[in-house]
Protein chains: 2
Amino acid sequence: MASERLTDWSVKFLSMDESVSEDIMCATHRALCEHGYAALTMQDIADESSKSKASLHYHYDTKRDLLLAFLDNLGERMTERLAAVDGETPTDEFLALLEELLSPSTERYPEFHTALLEIKAQAPYVDGFRERIADIDALVHERLRAVVAAGVEAGEFRADLDPEETATFVLTLLNGVRTRHVAVGGSPDDVEGTLLRYVEDQVVAAEAEAPVE
Amino acid sequence: MASERLTDWSVKFLSMDESVSEDIMCATHRALCEHGYAALTMQDIADESSKSKASLHYHYDTKRDLLLAFLDNLGERMTERLAAVDGETPTDEFLALLEELLSPSTERYPEFHTALLEIKAQAPYVDGFRERIADIDALVHERLRAVVAAGVEAGEFRADLDPEETATFVLTLLNGVRTRHVAVGGSPDDVEGTLLRYVEDQVVAAEAEAPVE
């Protein structure tokens, strides 16, 4: 009985090859940009994909299930974005990371982040949303923490810097940039100068070279 | 004809005395905490108030109209909160302002800020939401800017500080605190230490007294 269920499960999920999953994820991204989260229907997603609504429902029982898979996929894409960031020194890497995280991640940046903010606002209500958003938050936090720790270790960053708290501070600021962008039309440029001065004066050790002019 | 309409309008709005308006605003606050924004109905608000649903509709044609009045009321309450903040010096006042803005503003802080984040996420879609949210954002921004400018003027804050950019930086961080609180359960305490060190090292002039131990 258990092995029968396992077979069913395997057939169902192994039958969805990566290109199908990718097609559905891209369609979900486009549909979220077009309709937002609250108004989104499985039909909207089907309309953006090469699949029928019935086929979507074959892979994902509900809109919530599909959105959970989408958030997992978003986490994978964030992992790839973070892995692509590099630098000769911890200071270079930290600055490259800030630039990457401040820059628009998608072509339809405002629409997508509006939908993402709707999803964040639903985090306390929809089972599984908060865990996935927290996973993505933790990915970024860990990368920021690691590079700050490496900078302290290398003597490039202030010795009294707490990598954990510094990562939280920067991550909180980035969350604020996204929220103000959606809510009042703020731009990442509004904080970039102050953030760079913060890094220069608060993160990088006084005896190290200043990262910006 | 025009004067007739004006009379109708005056009677309708002058007839709503302040206590009625206050009752409806408090009921809206409670209903938002209870149900969130997306699921909120006029009946939910009536259930929290001493008024009937018909009476609510007499004052506000739609849920959107009521929410716009609620956001205006929120702005008035923010004005009062900001006016109550004081300090002997610009440094004291700036620190008191940060403490006030970081602290929970309502008894039902998490629920209310979840609803407010939903409303922010609807800002691009619902006519009038963005303007009201931007008004509240501008109130806080102006107060932060003014106290930073006063600190620079008094020689307490760094002479090279841009009051406008500093206010935006702090306001963006505060937005991030709210968003992370709702989305991943973060706390204002997570950034308080780093924010105070930022103020100590980046805002207050080196020759002035340090604001924190």
Side-chain angles (χ1 to χ4, degrees), chain A residues 35-39 110-111 113-125 129-131 133-138 141 158 160-162 164-188 190-195 197-198 200-202, chain B residues 35-39 110-111 113-125 129-131 133-138 141 158 160-162 164-188 190-195 197-198 200-202:
Chain A
H35 306 280
Y37 163 77
E111 293 90 349
H113 277 283
T114 301
L116 209 53
L117 195 64
E118 283 187 86
I119 292 174
K120 285 181 181 178
Q122 292 302 316
Y125 303 123
F129 274 17
R130 173 168 277 176
E131 290 75 4
I133 295 165
D135 284 348
I136 300 173
D137 187 273
H141 189 276
R158 283 168 57 151
D160 63 348
L161 213 58
D162 183 319
E164 184 82 22
E165 284 183 17
T166 306
T168 304
F169 187 73
V170 170
L171 186 54
T172 303
L173 186 79
L174 292 168
N175 265 266
V177 168
R178 307 267 183 265
T179 303
R180 282 190 88 237
H181 181 76
V182 173
V184 301
S187 154
D190 299 342
V191 299
E192 200 176 14
T194 312
L195 181 59
R197 273 192 301 281
Y198 163 78
E200 187 174 7
D201 293 355
Q202 291 282 102
Chain B
H35 306 280
Y37 164 76
E111 293 89 350
H113 277 284
T114 301
L116 209 54
L117 195 64
E118 284 186 86
I119 291 173
K120 284 181 181 176
Q122 292 302 315
Y125 303 122
F129 274 16
R130 173 167 276 176
E131 291 74 5
I133 295 165
D135 284 349
I136 300 173
D137 187 272
H141 189 276
R158 283 167 57 151
D160 63 347
L161 212 58
D162 183 319
E164 183 83 20
E165 284 183 16
T166 305
T168 304
F169 187 73
V170 170
L171 186 53
T172 303
L173 186 78
L174 292 168
N175 266 266
V177 168
R178 307 268 182 266
T179 303
R180 281 191 89 238
H181 181 75
V182 172
V184 300
S187 154
D190 299 342
V191 299
E192 199 175 15
T194 312
L195 181 59
R197 274 193 300 281
Y198 163 79
E200 187 174 7
D201 293 355
Q202 291 282 102

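Quick note on labels: first sequence line is chain A, next is B, and so on, each numbered from 1.
Listed options B:G185, B:A115, B:G176 were ranked by heavy-atom pairs under 4.5 angstrom with chain A; first place goes to B:G176. If you tally non-hydrogen atom pairs under 4.5 Å between each of B:E165, B:Q122, B:Q202 and chain A, the highest count goes to B:Q202. Contact count versus chain A (heavy atoms, under 4.5 Å) is highest, among B:L174, B:V177, B:N175, for B:N175. Contact count against chain A (heavy-atom pairs under 4.5 Å) is highest for B:T172 among B:T114, B:I119, B:T172.
For a residue to count as touching a neighbouring chain, one of its non-hydrogen atoms must lie under 4.5 Å from one of that chain's; by this rule B:F129 does not touch chain A. Residue B:D190 touches chain A through both its backbone and its side chain, counting heavy-atom pairs closer than 4.5 Å. With a 4.5 Å cut-off on non-hydrogen atoms, B:L195 touches chain A through its backbone and its side chain both. Neither the backbone nor the side chain of A:L161 comes within less than 4.5 Å of any heavy atom of chain B. Looking at B:E131, there are no atoms closer than 4.5 Å to chain A (heavy atoms on both sides), in backbone or side chain. At a 4.5 Å heavy-atom cutoff, the contact between B:A121 and chain A is made by backbone and side-chain atoms alike. Heavy atoms of A:Y125 lying under 4.5 Å from chain B belong exclusively to its side chain.
The side-chain heavy atoms of A:D137 and B:R180, taken from C-beta on, include a pair separated by under 4.5 Å. When side chains are defined from C-beta on, B:F169 counts as touching A:L173, because their heavy atoms get closer than 4.5 Å.
When all heavy atoms are compared, the tightest approach of A:V182 to B:K120 is CG1-O, 3.8 Å. Taking every heavy atom of both residues into account, A:A183 and B:A123 meet most closely at O-CB, 3.8 Å.
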Are A:R197 and B:T166 close enough, and set up right, to give a side chain to side chain contact (heavy atoms under 4.5 Å, CB included), and what steps lead you there? CA-CA 11 Å; A:R197 273 192 301 281; B:T166 305; over 6 Å; no

List the steps, then state whether side chain to side chain contact (heavy atoms under 4.5 Å, CB included) holds for B:V191 with A:T168. CA-CA 7 Å; B:V191 299; A:T168 304; 4.3 Å; yes

For B:R158 and A:D201: C-alpha separation, side-chain torsions, deciding distance, then whether side chain to side chain contact (heavy atoms under 4.5 Å, CB included) applies. CA-CA 13 Å; B:R158 283 167 57 151; A:D201 293 355; 3.3 Å; yes

Criterion side chain to side chain contact (heavy atoms under 4.5 Å, CB included) on B:E118 and A:L117, from CA distance to verdict: CA-CA 8 Å; B:E118 284 186 86; A:L117 195 64; over 6 Å; no

